[in-house]
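The chain is numbered in sequence order, starting from 1.
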Amino acid sequence: MRPFELTAPTTVEAAVAAPGTYLAGGTTLVDLMKLDVLTPQHVLDINDVPLRGIDTTDGLRFGALERMGAIAAHPGVYPAISRALLLSASQQLRNMASIGGNLLQRTRCSYFRDVAMPCNKRVPGSGCPALTGANRMHAILGTSDSCAATHASDVAVALVALDARLRLADATGTCEVALGDFYRLPGDTPDVENDLRPGELITEVVVPRLDWAANSTYVKVRDRQSYEFALCSAAVALDVRDGVVADARVAAGGVGTVPWRLPAVEAALRGGPATEAAFEAAAVVAADGARPLAENGFKVPLLQRTIVRALLELTEGSSR
């Protein structure tokens, strides 16, 4: 780890007044600093900034510094969000990691984390060895000739499915942006992962009220049941009335360079029967546009099956 300057602002205004790298739970930043993947000169410890709290009176609101464990345990949180958080990390990490930091965590691509290897995310223009190398864990959706790294956050998948928004602050004021629009596809600039500008800070996560989101879940497929990143995941909310799907929200993780919303699957589900056969037919379009690499083609059928599994979890007891 290289030397850096540390300050600890206590207000949002002070936090956005000077450029630097924000430190919240530190569960990602500190690891990457130890590896020399990130080498910030100025770190701002924002843990004393008043950005905590969980409000469930009309939709959901989470302060950006609220810990993942607290949100997961709150009784008013939609099941897809709670389950995504519980499956994200160990209890110790959930008690440390902030919701804002989780949404900004960097990819777990081994080439990105190894400073001896080229990586377009870390050093623009240096190349992407994953395209022809070890790529079993990599993305099949949203990739480019410059990058195929997956987005690492579980809860971001659930939040994108539920139309979450971020409240951002900088020296000029505040604004809101849809989380699904916040993340950027790699294209030719994979080092630019989102639309957070220098001096801008996430202050709050806002999830609009959706009464039928109580019927939601998050399914995560991984190599082991203990702390591990997703090979594939699905966040699903389903509104079923008299055996017919009135509405649906579906997003996938572990397969995209960003949390991957699946509007085509949602459209295929709406108005159809809540049956396994209908779910399987709708899930076929989930992998439209996929570009599998040499070692991750299995993610195409895995994505389809994971979505069906999540849908069936929400319709147990209904007619199939």
>> Run the side-chain contact (heavy atoms from CB on, under 4.5 Å) test against Ala73 and tell me which residues pass, sequence neighbours left out.
In response: none

>> Looking at Val123, is its backbone amide N or carbonyl O close enough to the side chain of Ser126 to form a donor-acceptor pair, meaning the two atoms are under 3.5 Å apart?
In response: yes

> Ignoring hydrogens and geometry, is there a side-chain-to-backbone donor-acceptor pair from Asn215 to Leu238 under 3.5 Å?
Replying inline: yes

>> For residues 277-312, which residue pairs pass the ring-ring contact (aromatic ring centres under 6.0 Å, His included) check, not counting sequence neighbours?
In response: none

> So do the side chains of Asp191 and Asn120 get within less than 4.5 Å of each other, counting heavy atoms only?
Replying inline: no

> So do Phe62 and His74 actually touch side chain to side chain, heavy atoms under 4.5 Å?
Replying inline: no

>> For a 4.5 angstrom cut-off between non-hydrogen side-chain atoms, does Leu141 reach Leu303?
In response: yes

> Are Asp223 and Arg136 close enough for a salt bridge, meaning some N to O gap below 4.0 Å?
Replying inline: yes

Compile the donor-acceptor pairs under 3.5 Å between side chains in residues 6-30 and protein atoms, sequence neighbours left out, one pair per line.
unit_1, atom_1, unit_2, atom_2, d
Thr7, OG1, His42, NE2, 2.9
Thr11, OG1, Ala14, N, 3.0
Tyr22, OH, Ala15, O, 2.9

> Does the pair Val245 and Leu269 meet the rule for a side-chain contact (heavy atoms from CB on, under 4.5 Å), with working shown?
Replying inline: CA-CA 6 Å; Val245 177; Leu269 289 168; 4.1 Å; yes

> Taking side chain as C-beta onward, heavy atoms only, is Val221 less than 4.5 Å from Arg305?
Replying inline: no

>> So Leu51 and Leu201, do their side chains get closer than 4.5 Å, heavy atoms only?
In response: yes

> Partners of Phe229 by ring-ring contact (aromatic ring centres under 6.0 Å, His included), sequence neighbours excluded?
Replying inline: Tyr227

> Does any N or O in the side chain of Lys121 come within less than 3.5 Å of the main-chain N or O of Pro190, such that one atom is a donor and the other an acceptor?
Replying inline: yes

> Looking only at heavy atoms, which two atoms of Ser146 and Cys128 are closest? And how far apart?
Replying inline: O-CB, 3.3 Å

>> Once rounded to the nearest 0.5 Å, what's the spacing between atom CG of Leu293 and atom CG of Leu131?
In response: 6.0 Å

>> Once side-chain hydrogen bond (donor to acceptor under 3.5 Å, both in side chains) is applied, what residue pairs with a partner in residues 54-73 remain, sequence neighbours excluded?
In response: Asn47-Arg67, Asp55-Thr57, Arg61-Glu204

> Does atom CD of Glu295 have more than 12 heavy-atom neighbours from other groups under 6.0 Å away?
Replying inline: yes

>> Run the side-chain contact (heavy atoms from CB on, under 4.5 Å) test on Leu103 and Leu166 for me, step by step, so that the C-alpha distance in whole Å, both residues' side-chain angles and the decisive distance to 0.1 Å come before the verdict.
In response: CA-CA 10 Å; Leu103 297 178; Leu166 299 181; 3.7 Å; yes

>> Can you list everything that forms a side-chain hydrogen bond (donor to acceptor under 3.5 Å, both in side chains) with Arg106? Sequence neighbours excluded, please.
In response: Glu193

>> Within the 4.5 Å heavy-atom criterion, are Leu93 and Met68 side-chain neighbours or not?
In response: no

> Which ring-ring contact (aromatic ring centres under 6.0 Å, His included) pairs, counting each pair once, include a residue from residues 150-181, with sequence neighbours left out?
Replying inline: His151-Tyr183

> Can you tell me how far the OH atom of Tyr111 sits from the CG atom of Asn135, to the nearest 0.5 Å?
Replying inline: 7.5 Å

> So how far is it from Leu60 CG to Ile71 CD1, rounded to the nearest 0.5 Å?
Replying inline: 9.5 Å

> Which pairs count as salt bridge (Lys or Arg N to Asp or Glu O under 4.0 Å) when at least one residue sits in residues 248-257, sequence neighbours excluded?
Replying inline: Asp163-Arg249, Asp247-Arg249

>> Just verifying a value: how many Å separate Ile307 CD1 and Cys232 SG, rounded to the nearest 0.5 Å?
In response: 7.0 Å

> Between Arg94 and Leu86, is there a donor-acceptor pair closer than 3.5 Å when you use the side chain of the first and the backbone of the second?
Replying inline: yes

> Does a sphere of radius 6.0 Å around CG in Asp188 hold more than 12 heavy atoms from other residues, nucleotides or ligands, not counting ones at 6.0 Å or beyond?
Replying inline: no

> Partners of Asp145 by side-chain hydrogen bond (donor to acceptor under 3.5 Å, both in side chains), sequence neighbours excluded?
Replying inline: Arg291

> Are the side chain of Gln105 and the backbone of Asn102 linked by a donor-acceptor contact shorter than 3.5 Å?
Replying inline: yes

Show the atom names and distances, to 0.1 Å, of all donor-acceptor pairs under 3.5 Å that link a side chain in residues 76-83 to residues at least two apart or in another chain.
unit_1, atom_1, unit_2, atom_2, d
Tyr78, OH, Leu210, N, 3.1
Ser82, OG, Ala72, O, 2.7
Arg83, NE, Tyr218, O, 3.1
Arg83, NH1, Thr217, OG1, 2.9
Arg83, NH1, Glu313, OE1, 2.8

> Yes or no on side-chain contact (heavy atoms from CB on, under 4.5 Å) for Thr174 and Thr203, after CA distance, side-chain angles and deciding distance?
Replying inline: CA-CA 9 Å; Thr174 63; Thr203 60; 5.7 Å; no

> When rounded to the nearest 0.5 angstrom, what is the spacing between CG in Leu32 and CZ in Phe112?
Replying inline: 5.5 Å

> Does some side-chain heavy atom of Arg261 sit less than 4.5 Å from a side-chain heavy atom of Glu266?
Replying inline: yes

> Looking at side-chain heavy atoms only, is the closest gap between Glu200 and Cys175 below 4.5 Å?
Replying inline: yes

> What is the distance from atom CG of Leu65 to atom OG of Ser98, rounded to the nearest 0.5 Å?
Replying inline: 5.5 Å

> Who passes side-chain hydrogen bond (donor to acceptor under 3.5 Å, both in side chains) against Asp239, sequence neighbours left out?
Replying inline: Arg241

> With His138, which residues qualify under ring-ring contact (aromatic ring centres under 6.0 Å, His included), at least two apart?
Replying inline: none

>> Using side-chain contact (heavy atoms from CB on, under 4.5 Å), reason through Leu35 and Val115 one step at a time and then give a plain yes or no.
In response: CA-CA 8 Å; Leu35 294 170; Val115 295; 5.6 Å; no

